[in-house]
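The analysis underlying the following values was restricted to heavy atoms, covering all of them including side chains, and did not include hydrogens, waters or symmetry mates. In this text the structure is predicted, and so the values were computed from the model without any measurement. For ligands, and for the atoms within them, numbers begin at 1 and follow the listed sequence.
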Amino acid sequence: MATCFWLRSCGAQRLGSTFPGCRLRPRAGGLVPASRPAPGPAQLRGYAGGLAGLSAALLRTDSFVGGRWLPAAATFPVQDPASGAALGMVADCGVREARAAVRAAYEAFCSWREVSAKERSSLLRKWYNLMIQNKDDLARIITAESGKPLKEAHGEILYSAFFLEWFSEEARRVYGDIIYTPAKDRRALVLKQPIGVAAVITPWNFPSAMITRKVGAALAAGCTVVVKPAEDTPFSALALAEVNQGFLLDLDPLLLASQAGIPSGVYNVIPCSRKNAKEVGEAICTDPLVSKISFTGSTTTGKILLHHAANSVKRVSMELGGLAPFIVFDSANVDQAVAGAMASKFRNTGQTCVCSNQFLVQRGIHDAFVKAFAEAMKKNLRVGNGFEEGTTQGPLINEKAVEKVEKQVNDAVSKGATIVTGGKRHQLGKNFFEPTLLCNVTQDMLCTHEETFGPLAPVIKFNTEEEAIAIANAADVGLAGYFYSQDPAQIWRVAEQLEVGMVGVNEGLISSVECPFGGVKQSGLGREGSKYGIDEYLELKYVCYGGL
Ligand code: NAP
């Protein structure tokens, strides 16, 4: 746990006096027209959502530090990946802003750690309520900046808010222990205490939920946070701050800030461009006032942050990439397996860390599964702008992501794979790709050992259970895995043998705030959500109470 350097100077101050001015927040920033022209080919369709469709009140562009909206010296543009339309210019924070945010979080920690668990719980609950009240506007922001179909964006906002609700409940269930040692005149106590300031770095694919999954647990435990959202999706992170302020603005003016809302400095957001991500990341992850690094993103970036953590021995949570196998055994129910395959592969246009990456299908059921899967894809998937009614497949986040999928398809076809459906870029624009099904896939193809993060389903035919397990476990990552079987003995065997952190048995959607989310091998360290998630932000302290 971080040493509280300010305890002597500011520790006597408690929330009421530390944050007296926190309801008087100037509205700095605001939308500035993007100076860069919207890129993209001629076929790009009109922007179905448009800035006019987004809540101006929630669309903040400045950083949020110490309870204040602060501009930075520079800005970076954020665009809608579907149309290329400019959404706004956002504060491009650098090392200076990062250090200031850590300092604000640290000062706030000195007070926040002393707030009762019941009060932290109630504040998180209010934040949850405000998210629910603003859910439509928050969902539209997700669709605008990430391209996610609006229906899925609504789903994400609920999932995101549920983490605040869940951890508001868990905040009051942090228990210690009493241990009886051989020495009769002593008792051993185990206390659980908040770690300190957490540096939180999150990806673009769940711009809201990846934040609340961490921040809910951190705040419930008594920690404070500095959030660095992804360059592509800073608006959702900033909107969470705006929403959280809502209960400060609506207050009875006689109430103290400490009784009103989450105090200044507890939740800080420092957006930055990709150009600054490395140095901002390094600044917050190596700062001695930071005690914990919580990251969700690629395994490559996770390894860089682990190096930062090593130098000052910080606690880490790493939610990294996966390569989820989806195994269909001969005994499976084909319809059930196809429904699971559709859900696990095509959510967020294939851009989730738990998306199935390779389909292993046993010889006896192979042809029936491939036929039914192709039919389901043609019937149920509709590519389009996320704001359009009926769209199930939005754009990929950027053209680089499209190039990756295209490269994997070309590589597979050049080595003998067959395109069953899809296979090329979509006519809607540069960030769209057709939902694609490949069969005759073999393990020497890129798509079987590189995370796709796009709408590509490659099918490998196998003969025996042992063969399927060996292919699945050959990966050096292990986040999620799915399999379909009606054989109870096989279900136990395979569930136990798969080297992953989460298994879906006859089920393609497994995420839930109540259940532990996380991976093994190079998919990460630690668990989020569930009753275990709060432990990532707590330190154990052993107290030997003698002289009894
Ligand atoms: P990424 O490139 O690793 O980026 C994630 C975050 O790290 C972004 O905020 C990014 O900023 C930042 N970042 C990049 N380089 C950095 C550096 N050197 N120092 C500090 N921060 C740095 O990952 P992504 O491509 O955005 O996200 C997709 C990956 O996330 C996939 O591999 C997916 O499997 C994984 N993921 C895992 C989970 C899970 O729970 N296990 C959940 C969702 C996603 P910029 O945006 O500015 O680059």
- For ligand 1, which atoms, with element, lie under 4.0 Å from some heavy atom of N205? 43 (C), 44 (C)
- Test item, P229 contacting ligand 1 (heavy atom, 4.0 angstrom): yes
- Message: Taking 4.0 Å as the limit for heavy-atom contacts, which would you say applies to D232 with ligand 1: side chain only, backbone only, both, or neither?
- Response: neither
- Determine, considering heavy atoms only, which of E282, K400, E279, R274 sits nearest to atom 45 (P) of ligand 1. R274
- Message: I'd like the name of whichever of A401, S511, A209, C353 reaches closest to atom 36 (N) of ligand 1 through any heavy atom.
- Response: C353
- Item | Donor + acceptor pair across side chains of K303, Q522 (<3.5 Å) | yes
- Item | T301 and S298: side chain donor to acceptor below 3.5 Å | yes
- Is a donor on one side and an acceptor on the other found under 3.5 Å between the side chain of E539 and the backbone of I195? no
- Examine the proximity of ligand 1 to F453 and report which part, side chain or backbone, both or neither, has a heavy atom under 4.0 Å away. side chain
- Does some non-hydrogen atom of the protein lie less than 4.0 angstrom from atom 4 (O) of ligand 1? no
- Query: Is ligand 1 under 4.0 Å from a heavy atom in the side chain of E451, in the backbone, in both, or in neither?
  - Reply: side chain
- Query: Should we say atom NZ of K521 is surrounded by more than 12 heavy atoms from elsewhere, each under 6.0 Å from it?
  - Reply: yes
- Query: Would a line drawn from the ring center of Y267 to the ring center of W127 be shorter than 6.0 Å?
  - Reply: yes
- Message: Treating D80 as the side-chain partner and A82 as the backbone partner, does any N or O pair qualify as donor plus acceptor under 3.5 Å?
- Response: yes
- Message: So, 4.0 Å and heavy atoms of F206: is ligand 1 close enough to count as a contact?
- Response: no
- For atom 46 (O) of ligand 1, what is the nearest protein heavy atom, given as residue, atom name and distance? E231 N, 2.9 Å
- Query: Quick one: which ligand 1 atoms are inside 4.0 Å of a heavy atom on L305?
  - Reply: 19 (N), 20 (C)
